[in-house]
Amino acid sequence: MIAPNLRELAITAMEKSYSPYSTKKVGAVIELSDGTTFTGCNIENSSFGGTVCAERVAIWKAVSEIGPGVSVKTVVVATDANPPWVPCGICRQVINEFASKNCEIHLVNKTGAVRSFTHRELLPHGFDRSALMD
Ligand code: THU
């Protein structure tokens with residue numbers, strides 16, 4: 001189940017989107033295990049590779065404010081798409097880096113559609129730190 005306040009935060013975050021090239025507004029909110037929230041929006045660049053997705057902006061804000069112990073309990077991503085967009089592969093990888101064990105990812109739009117997954121469903125067999133610890 002998605003908390004109504006998180007849905008609202010993600011939808012509100014869309015309004016800050018800087019997306020003159022795609023014209024696609026994306027908003028995201030992450031809730032940490034202690035209940036703290038951070039929002040993000042997509043920020044595009046005329047050199048397209050400089051574009052960053054809403055999910056990663058939210059996570060980078062959290063890490064830069066809280067430090068490396070960030071543990072993400074919930075991610076909510078809002079778009080105008082129907083069905084709502086899923087996170088891109090790079091964002092799935094970045095979410096995986098900071099996800100708590102049962103991290104949920106909810107995808108929403110303004111018309112009330114919701115698609116819900118665990119982060120493991122969206123990134124099965126993900127690459128993680130265990131590969132670097134042998
Ligand atoms: N985008 C996101 O913000 N999150 C995603 O997971 C998928 C894509 C943004 C990047 C770009 O600004 C626009 O959507 C079109 O790709």
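Predicted, not measured: the structure shown is a model, and the values here were computed from it. Numbering starts at 1 and runs along the sequence shown. Every number for a ligand or one of its atoms is a count from 1 in the order of the listing.
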Trp85, portion touching ligand 1 at heavy-atom distance under 4.0 Å: side chain
Heavy-atom side-chain proximity of Phe38 to Val70 below 4.5 angstrom: no
Nearest protein heavy atom with distance in Å, relative to atom 8 (C) of ligand 1: Cys53 SG, 3.8 Å
Any N/O pair Lys24/ligand 1 closer than 3.5 Å: no
Pro87 near ligand 1 by a heavy-atom separation under 4.0 Å: yes
Heteroatom proximity flag, Asn42 to ligand 1, N/O under 3.5 Å: yes
CG-SG distance between Leu123 and Cys91, expressed to the nearest 0.5 angstrom: 11.5 Å
Within-cut-off N or O pair, Ala54 and ligand 1, under 3.5 Å: yes
Nearest-0.5 Å distance that lies between atom NZ in Lys24 and atom OG in Ser19: 9.5 Å
CG on Asn82 to NZ on Lys110, rounded to 0.5 Å: 13.0 Å
Contact (N/O only, under 3.5 Å) between Cys88 and ligand 1: yes
Numbered atoms and elements of ligand 1 in range of Glu55, under 4.0 angstrom, heavy atoms: 2 (C), 3 (O), 4 (N), 5 (C), 6 (O)
Per-atom contacts of ligand 1 with Glu44, taking only distances under 4.0 Å to non-hydrogen atoms: 11 (C), 12 (O), 13 (C)
Between Asn109 and Thr111, a side-chain donor and acceptor under 3.5 Å: yes
Region of Ser22 that comes within reach of ligand 1 [heavy atoms, distance under 4.0 Å]: side chain
side-chain hydrogen bond (donor to acceptor under 3.5 Å, both in side chains) between Ser47 and Asn45, worked out: CA-CA 5 Å; Ser47 177; Asn45 194 280; 4.6 Å; no
From CD (Glu55) to CD1 (Ile30), nearest 0.5 Å: 10.5 Å
